[in-house]
Structures are given as structure tokens and as C-alpha cells.
Amino acid sequence: MTSESRITVDGLIKRFGDFVALDGISFAVGAGEIMGFLGPNGAGKSTLIRILCGLLRPSGGQASVAGIDVASDPEGVRRRIGYMSQKFSLYGDLSVVENLRFFGGIYGVPRSALDGQVAFVVEMAGLQGREDSLVATLAGGWKQRLALGAAILHRPSVLFLDEPTSGVDPQSRRRFWDLIHRLGADGVSVLVSTHYMDEAEYCNRIALINRGRLITLGTPHEIKARSVAGELLAVEAEDVGRAIAALREAPGVRNVAVFGRLLHVVVDDAAARASELKARLNALGMAGVRTERILPTMEDSFVHLVGRAGRSPEGAA
Amino acid sequence: MLRRILELLIKEFLQLKRDRSARFRLLVPPVIQMLLFGYAATFEVFNVSTAILDLDRSQESRALTAAFVHSARFRIARGAETQRDIRQAVEASEVQVGLVIPPGFSELLRKGESSPVQAIVDGTNSNTALIALGYVGQIASAFGQDYAQDLAHRTGRALGRPMVSVSLEERYWYNPNLNSRWFFVPGVIGTLTLITIVNLTAFAIVREREVGTLEQILVTPIRPVEFIIGKTLPFFLIGLLEVSIVASIGMLWFQVPFRGNVFVLLFGTSLFLLCALAIGLLISTLCTTQQQAFASNFFVLNPMFILSGFSFPIASMPQFLQWVTYADPLRYFLVIIRATFLKGVGLDVLWPQMLALAAIALSLLTIAVLRFRKSLD
Ligand SMILES: Nc1ncnc2c1ncn2[C@@H]1O[C@H](COP(=O)(O)OP(=O)(O)OP(=O)(O)O)[C@@H](O)[C@H]1O
Ligand SMILES: [Mg+2]
């Protein structure tokens, strides 16, 4: 591991009784890097983040954050990190500024600096004019930006965001990601988990995890190139079940997966196979078959790597 | 350290300031319960519904009936012509007491002999039954004595034997009229405080756990002890305020005397509040939802109330339960609060209770803090 890495995780294991939630995870995150964690429900994303925040004790392996071992000095870790939990967790019955002052206070932001920090966060999160609104009255996107603001009041060098954009409209998500990139540009290392496949593309690197294991790690480009071995055809057919069976047996087809109403078919040569496959389905009596060459998305990679075709985590936008 | 506790205090009071229903729950139910207890919780009995079957129909029997009615303890709810009327009235719960004045009642009296009267009492509410029966005895014997004296006067001679009347003069200390309000009101102060503070503390922490703000606070450098102090100190202050309010009602409205030293009571109250806070904190470590906290509070507070000696004498409990009552902080606080109110005694007398409360508070708080740390994992 390089001396530059802000987060170092080595063979991390977490058990809850007999259940293994994290099964030997290793990776490193550098300064200013935005690392995305992608995985279906129950993959272990939150568990990983909570260990790195010192909220849970690891059962095995090692992890250090900002150069501090999380198992031996969780308090030291907490001083240096910001954390936004999966559940929105600011006080709904306090105003924007009251929440910020409270969290700034218990983070130990010096009184002399607190006003300035609160003003900075309000400005950054675009909450001007809402300073005295009760948080419960804010819309989802505003709340998330406020929660992010509360997590960076004390200028941490590492930030953990656990599904920060779940349940927020696409425009607000876009805006939220702009904030994350601003923080990254300032040198803050950000580890962010998400369900949204499209969001993964905004990260410098992404880690796919499933059932407590790290499946793959790399830039979005690398992962897509690596995982989808071949070219991709989107096929629209009426009788999906029969179509899948027929396509799987066709020559040149490497994988078939269901994406909504479409089938994504990995083939060795899209241009050559498109008409072959169409003819094959037509021969089975299916009318209105359409094929189209598409570029692989993160979701395609995910489906491939997880190897459970047809069961994508919550559909991308 | 102080800064973080202070920030929590500010936050807690801001939330309270904004939460109108919490302020309502804090003040109104204790005041209402205090008033209810003050008026309703009494061992005295008035207006017991009664049926009188007068089979003698004499001047004497009518005088006895009048004595019952004038006492205000009994109220004639219905007339009765036969024994069956009485039985039916008691069975149908129309009356609680049936009195039967048998034929020949006056004849025996005039001969200077003792003359029986039958009282049938509905025992389903044994408390009221016993008290009412006591009144029947009192009124009947007073009537008998008056009559005997009167008879002696009128006949101008002593009865067979010289009339020597021995009467017991009772003196009750501290509460000369055995005013049950004086007994209840101090007890209610302790009970209400316990219920309110345990509930508030348990709910406040469980709510933060349920909503997720607890997790957000725990990733800050705050230490568990700081969180616990910041989170419970407001309820300590609220507890003191509540005791003052409820005690003022007892003194000003119900005229219960306060004969002791305010500082002794304050000291005892503080120790007791620490116990209540620790119990609330313990419950909060066992529950993840407010629903569970509600059930647990009920489960814990009821036995504490029953075992406290508030209304059931500890000395009459089975030996095993008597041992259990030693762990009940309410038991000691009731002694302290009744003694400071009614007896006016000080620390020289109350130190064993104070010591017991301090010991309970210390052990409960230690367990609560340890458990709280563990429950975070
Ligand atoms: N405290 C716990 N005790 C027992 N099992 C737990 C505990 N916390 C998490 N788990 C289990 O560990 C697994 C991973 O949970 P985790 O919350 O980390 O998943 P996740 O990837 O964050 O999922 P989601 O996308 O739903 O948030 C799940 O199967 C969960 O049931
Ligand atoms: Mg999660």
C-alpha cells in the first residue's frame, strides 16, 4: 500500500454470529479519490463503511483510515472523518443552522471558526435563505445536501457517504455529485456507496461487492471493458422466456440477460450476429423482433460479474 | 468535554421548546394526576348506597335509620319491604349495604338489653366493605349509648348495673385526623416523578436510536459518558421542576403541611432522580424502538409501584417480596418524602434511606453506562 492512501483495507472480515457479512475485503483509496461502492441489498456496503467509521468492530483483517487503525483507535478515526449514514439523520425539529451548529460543536470546531464554517456549508449546499427553516420541512434533495454539509463542518480529510442519494430526484442527485467532485478536487477522499448504476460512472474508481466479497475494482471504463467480453446487442422480443432459451443456444452468443423489457445479449461480433439472431427468433414464430447494437453500461458489467442474469439491483435511473 | 455536553443541553432544550406536545406531556398529566389522586384516592367512604329494611317500625328503629342517613356515610338508595328486596338489591349491585332492623328491636332496647341489627355488605370491593362495616358499627354503638343514657335519664334510675362507659381516646401522630390525603399526596409526588422521568429518558434515547441521529452523533469524537450526561441532565432538571410543581399543588391546594427541611427533600429527590434516569437509560439500551420502550416501561414501573409501599403495606407482603422491595428506589423515596412533609425529620433520621438510594443510583448508573457502551456495537 502506498503511503499516500487515506484508506487502507486489508483482508477485512465481519461476522454477525455465524453470518459472514464481509469476507476478506482489501483495497486502498488515495487522497482526493472518489471511490464508489456498488452492490445489491445486503452486499455489505453499510457494514464496511460502519467499520471504517469505527462504529463496528472488525472480526478480522485490518483497516486504517487517515493513517489510524480503526480497531485500536476508533476515536482518533472519528475526529478525522465525516460520515453520512444511509438513513437521513439530522434533527427534523431543529433549523438548518441549529443542526449545523450542534454538529459543529460536538465535532469540536472552535467557536471562533464555527460561524464561518456554518456560513461556508450553507453556501456550498445552496441553502441560503433556508437557514432558519426547520429541517423536517425541507425537500429530500436539500436535506441530503445539508447532511453532507453537517458531515464536512470540521473539514475531514476522509468522507464516507452511505447511499447519500437514495430516494432523491435525478436533478438533485446531479447537484449532489457536483458537490462530491468539488470535495474531491479539494483533496478530500470520498468513499460513497450507491444502488444507482449510473452514479457509479461519476466515480474515479468503483468496487463491485456482492455477498461480502469484492468482485472487481477499477475505473468505470476498465470494469466495463473487462467484464463484458464481446459486444452487446439489445433485443426486443415478445415471448421473453422462449427467446432467452433460443438465444442461449445460438452460435456466437456468450450471455443473455433481461433488462426491463429488453434482452441484453453479449456476442462475439454484433454486426454479424444481429440479423442471424433476428432470423432465428422469427423462425420460432416471433414477430416484431428488433435488435440494436448498444454500448455496455455499468449494469451490464454488474450482471455479468455477479453472474445472476435478470436480477439487477434497483434499476438505473 | 464540557463543550460537547453543553451543546447537547442546548439542543435538547431547543427541541423541547419547539415540541409543544412534549411540554404538554411533561406538565399536564402530572398535574391532572395529582388533582385526581388528591380527590379520588381516599380511604374515606361517603354516600354508600344503602337499603334499610325496617321490620320493627318503631320510633327507635326510625331514629336509628335517621342516624345512618345523617352521618352522610350512607345514602338510602331504595326502600325495602322484605328480606328478598334486600338480597336482590345487593345482588344487582343497587346497594352496597343492606341493613335489617328485626321485629322486636325496640322492645329489647326498652328492656335495656342489647338488640341486634343485621348488616349485609357487598364484599366484592373488600376495601369499601370493611370501611363501611366499620361505620355501621360506630353509628350503631353511638346510637346504643345515647339511647341507654337517655333511658337512664327518663326512668330516673340506673339500669341494673351502674352505667360505666369506657371510651378509647385515640391520638394519631403527624396526621391527627388520619386525613388520607396527607398520606397520599406525598406518595403521588414520588410515583409521578418516577413514571415521568423514566419514560422521558428511555424515549428520548430510543427515539435517537430509532431515527438514526444516535449513529450520526456516535461518529463524532463524543464519548459515551458525555453523551449520557448531556442527554440525561435535562431530564434531571425537568424532574426537579416537576417535583416542585406537584409538591406545590399538594401544599397549596390540598393543604398538606411541609414540616421538614427543603434541602433534605432536595437531596433525597436528587438521589431518587439519578435512579430514575439510570432506569430509563437501562431500558433504552434494551430497546431499539419506542414501541418496545413503552412495553418495558410498563413492565418495570408497575412492580416498582406495587412494591414501594405506596398503598400496600410492605410488612404484609410475603418474606420474599419484602426482600425484593429493598431494591426499589421508590420505597426509600416515599419514606423520605412522607417524613420530610409530615414528620419534619432530617438527615439524622433519614440517612439510611439516603444511603440506600445513593447505592442503588450508583450501581444502576454503572450498569447503564456499561450496557450503553455495549449496545453501540
Ligand atoms: N447488526 C447486524 N446483525 C446481524 N446482521 C447484520 C447486522 N448488520 C448487517 N447485517 C447483515 O449483514 C448483511 C450486510 O448488510 P449491509 O447493511 O452492510 O448491506 P448493504 O450492502 O448496506 O445493503 P443495503 O443496500 O440494503 O443498504 C445483511 O445481510 C444484513 O442483514
Ligand atoms: Mg446499506
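Just so you know, these numbers come straight off a predicted model, no measurement behind them. First the proteins, then the strands, lettered A, B, ... as listed; each starts at 1.
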Selection from A:Tyr91, A:Phe102, A:Tyr107, A:Tyr83 maximising heavy-atom pairs under 4.5 Å formed with chain B: A:Tyr91
Please classify the contact of B:Leu6 with chain A as side chain, backbone, both or neither, using a heavy-atom distance under 4.5 Å. side chain
Does A:Glu98 come within less than 4.0 Å of B:Lys11, counting only side-chain N to carboxylate O? no
B:Glu215 vs A:Lys87, salt bridge (Lys or Arg N to Asp or Glu O under 4.0 Å): CA-CA, chis, key distance, verdict: CA-CA 10 Å; B:Glu215 176 154 319; A:Lys87 216 166 152 186; over 6 Å; no
Below 6.0 angstrom between ring centroids: does that apply to A:Phe27 and A:Phe37? yes
A:Arg111, part contacting chain B, at a heavy-atom distance under 4.5 Å: both
Check each atom of B:Glu208 against the heavy atoms of chain A and say whether the ones under 4.5 Å are side chain, backbone, both or neither. side chain
For A:Phe88, which atoms come within 4.5 Å of any heavy atom of chain B: side chain, backbone, both, or neither? backbone
Go through the steps to decide whether B:Ile283 and B:Val300 satisfy the test side chain to side chain contact (heavy atoms under 4.5 Å, CB included), and finish with yes or no. CA-CA 9 Å; B:Ile283 291 176; B:Val300 170; 4.2 Å; yes
May I ask you to name which of A:Gly108, A:Gly92, A:Ser89, A:Gly82 has the most heavy-atom pairs under 4.5 Å with chain B? A:Ser89
Could you tell me how the ring of B:Phe305 sits relative to the ring of B:Phe310: parallel (under 30°), tilted (30 to 60°) or perpendicular (over 60°)? tilted
